[in-house]
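These notes concern the structure reproduced below.
Just the heavy atoms: all of them, side chains too, but no hydrogens, waters or symmetry mates, feed the values below.
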Amino acid sequence: MSDSAVEDRPVDPRRYFESVARERSDIAARDPVCLYLETTNRCNLPCTTCPRTFEELEPAANMSWDLFRSIVDQYPKISRVVLHGIGEPLMVPHLPRMIKYLKERGTYVLFNTNGTLLNERRGRDLIASGLNELRVSLDAAEPVAFKAVRGKDAFDRIVRNVREFRALQKSLAAEKPRVSLWLTGLKETIGQLPAFVDLAAAIDVPEVHLQRMVFFPDGQGLSRADQSLFEQADPREEELIRAAEARAQQHGILFDASGATEPGTSLKRAGDKRPWSLCTRPWTLMYFTAHGRALPCCIAPFSMRGYDAFTLGNATQESLRDIWNGEQYRAFRAGLLGDAPPPACANCGLRWSL
């Protein structure tokens, strides 16, 4: 099979994760299939649901080209790379170069953006790079709610940018990247979900995703337990989800939740008394911050304050293979399989999505 065929059909996550779940131990028997690379920890929006708004997790930086290459060259046949973490990837000048470098080896590449910097030049660069997915985190259907969540009055600019990007794609007959709009499920914004689907249709975006909110126990801003819909959605909110599904069907838009879960189901607990034990992330992916710090997954920065409690290695000092089955990773996996999980995972599956 050619590289081009491989990159458009990445590993089937459900089937792969099921097989990994059956063979888990403290040692990972397989190499990771996915890398999360925090191309920057800098951002131009003070979102009220993001931990970086309230604390400096690491010194502000873009991931250097040398560190990026050092990481990805150690797993040259990696199936999937996600180029975001705590930060806005379009702030990175060499982002298109990173994407092209990965596409040359047939990797499936995507990232989330707030869309504020998606001008024509960047749009052309992303299309030329071969990017597979562009996920726009918009979180609202109108300016007032957007500012409450995102902290700045940038709604109209983002909508214009996305509309113009989709028009650019059509003018170039460019099928990639797949473009989607994302809304975090908050008590504050769930009422806008049907209109959010309508907005996607109006600006020619074919996919809408409802994302479960992640929050600290002592969350600040809108990142608080009382704003979460998880296991708290009332009949009115459930009806809003059904209405959004109906609108999506009318518009011919794909509507689901993060992880390709049905939106209503994504807000309910699976019923397992040890939900953390269902996780396969420490056996399937590696996450690196802009400075090279290895974390267990993209949810970890939202689960606890500070990184020290769940740092599993450093790519500037160790090889990825040494980190992957090193002492810290093995201890982390062992805890996840037991009754006393690592603190960062203790509420995973309770407060947020697996």
Exercise for review: Check whether any side-chain heavy atom of L254 sits under 4.5 Å from a side-chain heavy atom of P206, and report yes or no.
Suggested key: no
Exercise for review: Answer whether the closest heavy-atom distance between the side chains of L110 and P177 falls below 4.5 Å.
Suggested key: no
Practice item. Please report the C-alpha distance between V33 and L285 in whole Å, then the side-chain angles of each, then the deciding distance to 0.1 Å, and finally whether the side-chain contact (heavy atoms from CB on, under 4.5 Å) criterion is met. Key: CA-CA 6 Å; V33 295; L285 64 84; over 6 Å; no
Review point. Will you find, in the side chains of N314 and T316, an N or O donor that is under 3.5 Å from an N or O acceptor?
Key: yes
Check your understanding: Is NZ or CZ of R30 both nearer than 6.0 Å to the six-membered ring centre of W283 and within 45° of the ring axis?
Key -> no
Practice item. Please lay out, stage by stage, how E207 and R178 fare under the test side-chain contact (heavy atoms from CB on, under 4.5 Å). Key: CA-CA 8 Å; E207 298 182 27; R178 287 171 48 197; 2.9 Å; yes
**Study point:** Derivation of the side-chain contact (heavy atoms from CB on, under 4.5 Å) call for L37 and I71
**Key:** CA-CA 9 Å; L37 304 182; I71 291 172; 3.8 Å; yes
Exercise for review: Could you tell me which non-hydrogen atom of I203 sits nearest to which non-hydrogen atom of V159, and how far apart they are?
Suggested key: CG2-CG1, 3.9 Å
Review point. Please walk me through it: do D204 and K170 pass salt bridge (Lys or Arg N to Asp or Glu O under 4.0 Å)?
Key: CA-CA 10 Å; D204 194 32; K170 284 195 169 182; 3.3 Å; yes
**Study point:** Beyond-backbone contact of F288 with R293, side-chain heavy atoms, under 4.5 angstrom
**Key:** no
Practice item. For the residue pair R247 and Q250, confirm or rule out a side-chain donor-acceptor distance under 3.5 Å. Key: no
Point to revise | Heavy-atom donor-acceptor pair, K100 side chain to E104 backbone, under 3.5 Å | key: no
Practice item. Go through the steps for E239 and R242 under the test salt bridge (Lys or Arg N to Asp or Glu O under 4.0 Å), then give the verdict. Key: CA-CA 5 Å; E239 178 57 33; R242 301 285 84 81; over 6 Å; no
Review point. Side-chain contact, heavy-atom cut-off 4.5 Å: D198 with H251?
Key: yes
Check your understanding: Can you check whether A290's main-chain N or O pairs, donor with acceptor, with E38's side chain at less than 3.5 Å?
Key -> yes
**Study point:** Expected output: side-chain T39 to main-chain P89 donor-acceptor under 3.5 Å
**Key:** no
Check your understanding: Got a donor-acceptor contact below 3.5 angstrom from the H94 side chain to the M63 backbone?
Key -> yes
Point to revise | Ring centroid separation W65 to Y101 under 6.0 Å | key: yes
Review point. Would a 4.5 Å heavy-atom cut-off, applied to side chains only, mark N325 and R333 as touching?
Key: yes
Check your understanding: For P342 and F332, which heavy atoms make the closest approach, and how far apart are they?
Key -> CB-CE1, 3.5 Å
Exercise for review: Indicate whether the side chain of T116 and that of N161 have a donor and an acceptor atom separated by less than 3.5 Å.
Suggested key: no
Exercise for review: With sequence neighbours excluded, tell me which residues meet ring pair (Phe, Tyr, Trp, His ring centres under 6.0 Å) with F310.
Suggested key: Y307
**Study point:** Pairwise side-chain hydrogen bond (donor to acceptor under 3.5 Å, both in side chains) hits with a residue in residues 120-129, at least two apart
**Key:** E120-R124
Review point. Are any side-chain N or O atoms of N62 and backbone N or O atoms of T40, one a donor and one an acceptor, separated by less than 3.5 Å?
Key: no
Revision key, fill the gap. Nearest heavy-atom contact between F111 and L131 is CE2-CD2, 3.6 Å
Review point. Any idea which heavy atoms bring C279 and L336 closest together, and the distance?
Key: CB-CD2, 4.1 Å
Check your understanding: Do side-chain atoms of T289 reach the backbone of E58 as a donor and acceptor pair under 3.5 angstrom?
Key -> no
Practice item. Side-chain contact test, heavy atoms from C-beta onward, threshold under 4.5 Å: evaluate it for L183 versus H209 and give yes or no. Key: no
Check your understanding: Do the side chains of L210 and F196 get nearer than 4.5 Å, heavy atoms only?
Key -> no
Practice item. For the pair Y329 and M286, evaluate side-chain contact (heavy atoms from CB on, under 4.5 Å) and give the outcome as yes or no after the intermediate values. Key: CA-CA 10 Å; Y329 242 110; M286 301 183 83; 4.1 Å; yes
Check your understanding: In Å and rounded to the nearest 0.5 Å, what is the NZ to CG distance from K176 to L126?
Key -> 13.0 Å
Check your understanding: With a 3.5 Å cut-off and no angle check, do the side chains of N114 and E88 form a donor-acceptor pair?
Key -> yes
Exercise for review: Check whether any side-chain N or O of S70 sits under 3.5 Å from a backbone N or O of D66 as a donor-acceptor pair, and report yes or no.
Suggested key: no
Exercise for review: Would you please classify the geometry between the Y287 ring and the Y36 ring as parallel, tilted or perpendicular, with 30° and 60° separating the classes?
Suggested key: parallel
Check your understanding: Between the side chain of T48 and the main-chain N/O of V149, is any donor-acceptor distance below 3.5 Å?
Key -> yes
Review point. Got a second to check how far L138's CG is from Q192's CD, nearest 0.5 Å?
Key: 9.5 Å
Check your understanding: For residues S180 and R135, is any side-chain donor paired with an opposing acceptor at under 3.5 Å?
Key -> no
Practice item. Provide the closest heavy-atom pair for V205 versus V179 in the form atom of the first, atom of the second, distance. Key: CG1-O, 3.5 Å
Review point. Nearest 0.5 Å, what's the CD-CG distance between Q74 and D322?
Key: 9.0 Å
Review point. Taking atom types as modelled and ignoring hydrogens, do the side chains of D308 and T311 form a donor-acceptor contact shorter than 3.5 angstrom?
Key: no
Review point. For the side chain of T113 and the backbone of G115, is there at least one donor-acceptor N/O pair under 3.5 Å apart?
Key: yes
Practice item. Can you run down the side-chain hydrogen bond (donor to acceptor under 3.5 Å, both in side chains) pairs that involve residues 146-155, sequence neighbours left out, and say none if there aren't any? Key: D139-R150
Review point. Taking side chain as C-beta onward, heavy atoms only, is Y108 less than 4.5 Å from S79?
Key: no
Review point. For the side chain of E327 and the backbone of R330, is there at least one donor-acceptor N/O pair under 3.5 Å apart?
Key: no
